[in-house]
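Scroll down for the structure; my scribbles are underneath it.
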Protein chains: 2
Amino acid sequence: MSKIFFENLEQSIQNIHLGLVVDCVIFTFHEQKMKVLLNKYVLNDKWMLPGGFIFKDEDVDAAAKRVLKERTGIDNVFLRQFHLFGKNDRVNIDEKIKLMENYGIASDKLPTFLNRFASMGYFSFVKFDEVNLIEKEDDIYQWFDLDAIPQLSYNHNEIINKAIKMIRIQFDYLPIGYQLLPKKFTIVELRKINEGILGIEVDKRNFRKKMLASNLIISLNEVRQTDPYPKPNLYKFNQETINELLDQET
Amino acid sequence: MSKIFFENLEQSIQNIHLGLVVDCVIFTFHEQKMKVLLNKYVLNDKWMLPGGFIFKDEDVDAAAKRVLKERTGIDNVFLRQFHLFGKNDRVNIDEKIKLMENYGIASDKLPTFLNRFASMGYFSFVKFDEVNLIEKEDDIYQWFDLDAIPQLSYNHNEIINKAIKMIRIQFDYLPIGYQLLPKKFTIVELRKINEGILGIEVDKRNFRKKMLASNLIISLNEVRQTDPYPKPNLYKFNQETINELLDQET
DNA sequence: CCAAAAGTGTTTCCGTTACACCCATGC
DNA sequence: GCATGGGTGTAACGGAAACACTTTTGG
C-alpha cells in the first residue's frame, strides 16, 4: 500500500486479488545476531512487516516472492508459508482507514477494498550480504534485532511470534543456516543462528561435535584471515545433505 | 457449493468472503486403519474434499470449523491449518464452470465468482464413533482408506498428500492419537495410527516400551472383554501431557 | 490342531549431555 | 598483563533399534 497504489486506487483495485494479502517475516543474520526486516511508510507512525497484494493472475506464492524481491532485490529466495491470519478483526480495518485518510482518500469510497483481507504469512531467510534494501521516497526499511522488535502496526507482532514458533516446530526440516550464511562460514556463526532461533544457549563443544558428526558441513581446512586472534576455521555446507532436506520438505 | 447455494447464487455471493475458501482433510481411525472423509455431489462424477466458503464476517478458522461441524456433527474439533493452495490455475476454474452448468447456471453470469479462489487447507482428526455423517439429497459422504483414495476433483489429491507431509513434519507436536481414539484404547491401536500416518511399520515391543516410558498414556489395568482371545489391556491418555503438547503448539 | 493376535526382555549401539582449560592476539 | 574468543576430549547416561517365543481362544 504505497503512495502510487493509493493515487490510483480505483484502478489499482481492478488488478488485485480480493480478500487476501501476503506478509513476509524476512530473517537475516549479521554481526552474530538474528534480525528481521521491517518497513515504515513515512505517513504511518508504526513499523510493520513488508507485505502486499496479490495480482489477479498471480500465484499467491509468487506474490510473496515478488514482495520480497521488490524489497531486498533478491531473486530465487527461500520462502515458506507458515500461517494464515484470517480473523475478522475491526482493528486491522480501522488502521487501514486511518492510513487511507493520511493519504487524503475518503474511506467510504471503495467498500470492496474495506472488507477484511486475510493475510498469508511467509517466513524467509536471506543472506545479509546479498540484500540491497530498496527504498522509495515514502517507504523505508530497516533490520531489527529479533530481541528488539518495536510495537508494530496491525497484528504484526503476533505474526512474527507465530513465525518463530512455526520455525521451531519445523526446525529439523529447514536448512536455515544454509540460507543465512555465505559460502564459507564458521561453526560459531552456525551455532549463533541456532541459539537465535531457538532462544536458548547451546554448549559449544557439543554443538561442534554434532555438526561434524552429521554430514551437514564440510571443513575447508582454511582459516578466516580477516579475524583478529583466534582465526576461526571455515566450513561449507554439504550440498547433498541440503538437497535431501529440501526434497523431504516439499 | 451445494444445490441451495447455487439456486440463490446471486444472493449467496453477497455474503461470502471473496477470493478464499477452506478445504478440510478430515482423518479418522476405524478398524485398524486411517481414513479420510470425502464428499460427492450427485451432479459431479468425482469425489472431493469437504470444503466451503467463508462468510463475510466470519474468521477463516471458524469457517473451517463450521464446515467440519456441518459434515460430521462434531463441535469443538481439532483443526489445524497446513497449507494455502494459491495457484492461479485454470483447471480449477474450468471444473467450477462445469459444475455450475450441471446446475443449469450460465457460467458468464457472475464474473466475480469465477475469479480464482485460493484454498486454505486444514487437517483434522475426529473420533469415528462421534461422527454422524450428515447427508443431503444431492450431497454424499464416505470414509476412504488412506491407501485407497480415488482420483479427486480439482487439486484435491495434492492437498491430501501435502496434509500428510505436513503432519509428519509436525508429528511430535501433535496429539494425534488423543484426537482419534476413544477414552479407553489399546497400545496396538495407538501403534496402528502411528504406522498409518508415518507410512512405516513400527516394532511392537519397542513401541510399547517407548509409550510406557513417556508419560503420555496410563494403564487402566483392565482388559477389553469384547475381544476374542488375547484380550488387550486398556489405557487412557495422560491429560497433563496432552495439555502440555497443546500449549506448546499454539 | 492351527491360525490369529497380544504380550514380554535383553543387548547393542549411538546420540546427548555435562563439564574446564589452553592459547595467541590486541589493547 | 589481561580480556577476548575459538578450539579441544572424555565419561556417564538414556533413548533407539534389533530381535523370537509364549499364550489361549475360536474355528
Side-chain angles (χ1 to χ4, degrees), chain A residues 29-34 168 171-173 177 181-182 184-236 238 241 244-245, chain B residues 29-34 168 171-173 177 181-182 184-236 238 241 244-245:
Chain A
F29 180 72
H30 184 55
E31 289 175 342
Q32 308 280 68
K33 291 199 128 183
M34 290 299 302
R168 287 177 184 168
F171 191 76
D172 290 340
Y173 294 82
L181 290 170
K184 300 178 177 188
F185 58 90
T186 71
I187 287 198
V188 173
E189 289 166 342
L190 195 51
R191 180 163 53 84
K192 293 288 176 192
I193 288 173
N194 275 246
E195 293 178 338
I197 299 275
L198 298 177
I200 52 170
E201 292 214 344
V202 175
D203 181 276
K204 62 179 179 171
R205 275 174 295 189
N206 291 337
F207 183 76
R208 177 178 302 270
K209 213 185 328 163
K210 187 172 154 183
M211 282 303 109
L212 294 173
S214 81
N215 50 359
L216 191 64
I217 64 173
I218 299 170
S219 172
L220 291 167
N221 296 315
E222 176 190 343
V223 296
R224 186 192 274 156
Q225 294 297 344
T226 54
D227 281 36
Y229 177 59
K231 300 194 191 304
N233 193 21
L234 291 169
Y235 295 81
K236 65 173 181 180
N238 182 344
T241 314
E244 283 167 23
L245 260 188
Chain B
F29 180 74
H30 183 57
E31 290 174 343
Q32 308 279 68
K33 291 199 130 186
M34 290 299 303
R168 287 177 185 170
F171 190 76
D172 291 340
Y173 295 81
L181 291 170
K184 300 178 177 190
F185 57 89
T186 71
I187 287 198
V188 172
E189 288 166 342
L190 195 50
R191 180 163 53 85
K192 292 289 177 193
I193 288 173
N194 275 246
E195 293 178 337
I197 298 275
L198 297 176
I200 52 171
E201 293 215 342
V202 175
D203 180 276
K204 62 178 179 170
R205 276 173 294 186
N206 291 336
F207 182 77
R208 176 179 301 269
K209 214 184 327 162
K210 187 172 153 184
M211 282 303 110
L212 294 173
S214 81
N215 49 359
L216 191 64
I217 62 173
I218 299 170
S219 172
L220 291 167
N221 296 316
E222 175 190 345
V223 296
R224 186 191 275 153
Q225 295 298 344
T226 53
D227 280 35
Y229 176 61
K231 300 195 191 301
N233 192 19
L234 291 169
Y235 295 82
K236 64 173 182 180
N238 182 345
T241 314
E244 283 166 25
L245 259 188

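A, B, ... follow the sequence lines: proteins, then strands. Residue 1 opens every chain. What's counted below: heavy atoms across the whole structure, side chains too, no hydrogens, waters or symmetry copies.
Under the rule for a side-chain hydrogen bond (donor to acceptor under 3.5 Å, both in side chains), B/Asp172 has no partner lying at least two apart in sequence or in another chain. Scored by the side-chain hydrogen bond (donor to acceptor under 3.5 Å, both in side chains) test, A/Asn238 finds A/Thr241 as partners (sequence neighbours excluded).
In the region residues 192-199 of chain A, proximity to DNA chain D at under 4.0 angstrom, judged on heavy atoms, holds for none of the residues.
Residue A/Lys231 places its NZ atom among more than 12 non-hydrogen atoms of other residues, nucleotides or ligands, all under 6.0 Å distant.
Atom pair A/Phe207:CZ and D/dG5:P shows a separation of 18 Å (rounding to whole Å applied). At whole-Å resolution of the value, CG in B/Leu212 and P in D/dG15 are 13 Å apart. Between the CZ atom of A/Phe185 and the P atom of D/dG6 there is a distance of 15 Å, rounded to whole Å.
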Per-nucleotide protein contact along nucleotides 17-27 of chain D, 5' to 3', at a 4.0 Å heavy-atom cut-off (B base, S sugar-phosphate only, - neither), is BBBB--BBS--
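Listed here is the closest heavy atom pair of B/Arg168 and B/Ile197: NE-O, 2.8 Å. Of all heavy-atom pairs between A/Glu189 and A/Thr186, the closest is OE1-N, 3.0 Å. The minimum heavy-atom distance between A/Lys192 and A/Phe29, with the atom names listed, is CB-CZ, 3.6 Å. Residue A/Glu195 comes nearest to A/Val202 through the heavy atom pair OE2-N, 2.8 Å, listed as atom of the first residue, atom of the second, then distance.
Here the side chain of B/Asn233 pairs a donor or acceptor atom with the backbone of B/Glu222 at under 3.5 angstrom.
Proximity of A/Tyr235 to A/Leu181: side-chain heavy atoms (C-beta onward) are nowhere separated by under 4.5 Å.
Of all nucleotides in DNA chain C having an atom under 4.0 Å from a heavy atom of chain A, the first and last in 5' to 3' order are C/dT16 to C/dT25.
Residues in residues 202-216 of chain A take part in no salt bridge (Lys or Arg N to Asp or Glu O under 4.0 Å) pair, two or more places apart or across chains.
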